[in-house]
Chemist: 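Below you will find the structure I want to go over with you.
Numbered from 1 within each chain, the chains take letters A, B, ... in sequence-line order. Values in this document were obtained by computation on a predicted structure and should not be read as measured data.
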Amino acid sequence: GAVVSQHPSWVICKSGTSVKIECRSLDFQATTMFWYRQFPKQSLMLMATSNEGSKATYEQGVEKDKFLINHASLTLSTLTVTSAHPEDSSFYICSARDVGGILKEAFFGQGTRLTVV
Amino acid sequence: GENVEQHPSTLSVQEGDSAVIKCTYSDSASNYFPWYKQELGKRPQLIIDIRSNVGEKKDQRIAVTLNKTAKHFSLHITETQPEDSAVYFCAAGSWGKFQFGAGTQVVVTP
């Protein structure tokens, strides 16, 4: 099946620093990737839709200047958490669908657990 | 936008019994309804899905039903086993963009 690789799997950073998370589709091209956030014991919440070659679309309540998304190629999207604070500590996970939309499911990366201290 | 509600939030079943999780959605444009299983600390894994032109789908011990008129869909797990213990999420949407239910913690006791 299709593989989505997310890196890093976990990261600890100091408050005020920035963290970059990568989402790669390894064996298919993804014009669209989605970024979700999951707080402990809560559901996955869509943060933004990442479109290759254009600006990301953010869900209501998500600060676009804080969560920078770059989708520079058909296989890579990055999420940068800028000036991270403890309340940004969460499980971030991406998903991707292929160019033609033939695959009827979104494939998830393994997720990144971010801890801000 | 889409709003998905999922019930129950926790479900405890005896090994061998059946488990049923129910979800409702609000957006009639949603045409794809996947179910994910998430074990502690791991990514969600797709276990079964159903499209809007199908009313029921079965895969071994797992089945999903969809009532498009009423905008609800359900997950059925038969002959539950301890390894079925996990959090299950329903989702509704289209083209890979989903809204997820709040999740159901399923505990299967031997």
Side-chain angles (χ1 to χ4, degrees), chain A residues 1-7 9-10 21 23 25 28-52 56-62 77 90-113 115, chain B residues 1-11 21 23-27 30-54 57 59 62 64 66 75 86-107:
Chain A
V3 178
V4 176
S5 176
Q6 194 171 332
H7 179 81
S9 298
W10 60 271
I21 302 169
C23 181
S25 56
F28 67 98
Q29 293 182 323
T31 53
T32 304
M33 293 185 176
F34 303 92
W35 288 95
Y36 294 86
R37 178 169 55 185
Q38 186 179 34
F39 290 111
K41 298 186 179 181
Q42 294 188 26
S43 186
L44 293 90
M45 299 295 293
L46 180 65
M47 296 176 66
T49 302
S50 170
N51 300 297
E52 187 266 337
T57 305
Y58 291 83
E59 296 299 301
Q60 193 172 9
V62 179
S77 175
S90 183
F91 188 60
Y92 292 86
I93 193 166
C94 66
S95 70
R97 62 176 172 89
D98 73 343
V99 174
I102 297 172
L103 297 175
K104 61 181 184 293
E105 60 174 291
F107 296 93
F108 283 92
Q110 68 268 42
T112 297
R113 187 166 301 282
T115 302
Chain B
E2 179 63 271
N3 181 46
V4 177
E5 294 191 0
Q6 183 173 347
H7 299 280
S9 56
T10 58
L11 182 59
I21 304 170
C23 289
T24 61
Y25 64 101
S26 61
D27 190 350
S30 291
N31 59 17
Y32 180 60
F33 307 89
W35 285 87
Y36 292 89
K37 175 183 179 181
Q38 188 176 29
E39 298 176 358
L40 191 63
K42 296 185 178 180
R43 79 179 99 173
Q45 296 282 357
L46 179 73
I47 55 171
I48 196 167
D49 55 16
I50 193 167
R51 306 192 80 174
S52 59
N53 58 348
V54 176
K57 184 176 178 180
D59 183 5
I62 294 174
V64 59
L66 171 66
L75 177 72
V87 178
Y88 291 81
F89 293 99
C90 63
S94 59
W95 294 109
K97 182 178 180 180
F98 303 122
Q99 291 295 333
F100 284 81
T104 297
Q105 174 76 61
V106 174
V107 177

Chemist: Take the angle between the ring planes of B:Y36 and A:F108 and call it parallel below 30°, perpendicular above 60°, tilted in between.
Modeler: perpendicular

Chemist: Does any non-hydrogen side-chain atom of B:V64 lie less than 4.5 Å from one of B:F33?
Modeler: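 Heavy-atom side-chain distance check fails, nothing below 4.5 Å.
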
Chemist: So for A:Q42, is it side chain, backbone, both, or neither that comes closer than 4.5 Å to the heavy atoms of chain B?
Modeler: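 Interface part for A:Q42: backbone (N, CA, C, O).
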
Chemist: Chain B heavy atoms under 4.5 Å from A:Q38: which part of the residue, side chain, backbone, both or neither?
Modeler: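 The answer is the side chain of A:Q38.
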
Chemist: Under 4.5 Å heavy-atom distance to chain B, tell me which part of A:F34 shows up: side chain, backbone, both or neither.
Modeler: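 Side chain of A:F34 only, per the 4.5 Å heavy-atom cut-off to chain B.
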
Chemist: Heavy-atom distances under 4.5 Å only: say whether B:P44 touches chain A with side chain, backbone, both or neither.
Modeler: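 For B:P44, heavy atoms of backbone and side chain both lie under 4.5 Å from chain A.
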
Chemist: Using heavy-atom distances under 4.5 Å, tell me whether B:Q105 contacts chain A through its side chain, its backbone, both, or neither.
Modeler: neither

Chemist: For A:T115, what residues pass the side chain to side chain donor-acceptor pair (under 3.5 Å) criterion, not counting sequence neighbours?
Modeler: none

Chemist: Under 4.5 Å from any heavy atom of chain A, what part of B:Q99 do you find: side chain, backbone, both or neither?
Modeler: side chain

Chemist: Side chain, backbone, both or neither: which part of A:I93 has a heavy atom under 4.5 Å from chain B?
Modeler: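 The answer is the side chain of A:I93.
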
Chemist: Do B:Q6 and B:I21 have side-chain heavy atoms sitting under 4.5 Å apart?
Modeler: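 Answer yes - side chains close enough.
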
Chemist: Does any part of the side chain of B:D49, heavy atoms only, come nearer than 4.5 Å to the side chain of B:K57, both counted from C-beta?
Modeler: yes

Chemist: Go through the structure and list residues passing salt bridge (Lys or Arg N to Asp or Glu O under 4.0 Å) with B:E39, not counting sequence neighbours.
Modeler: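 Applying salt bridge (Lys or Arg N to Asp or Glu O under 4.0 Å) to B:E39 gives B:K37, B:K42.
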
Chemist: Below 4.5 Å from any heavy atom of chain B, which atoms of A:Q6 appear? Answer side chain, backbone, both or neither.
Modeler: neither

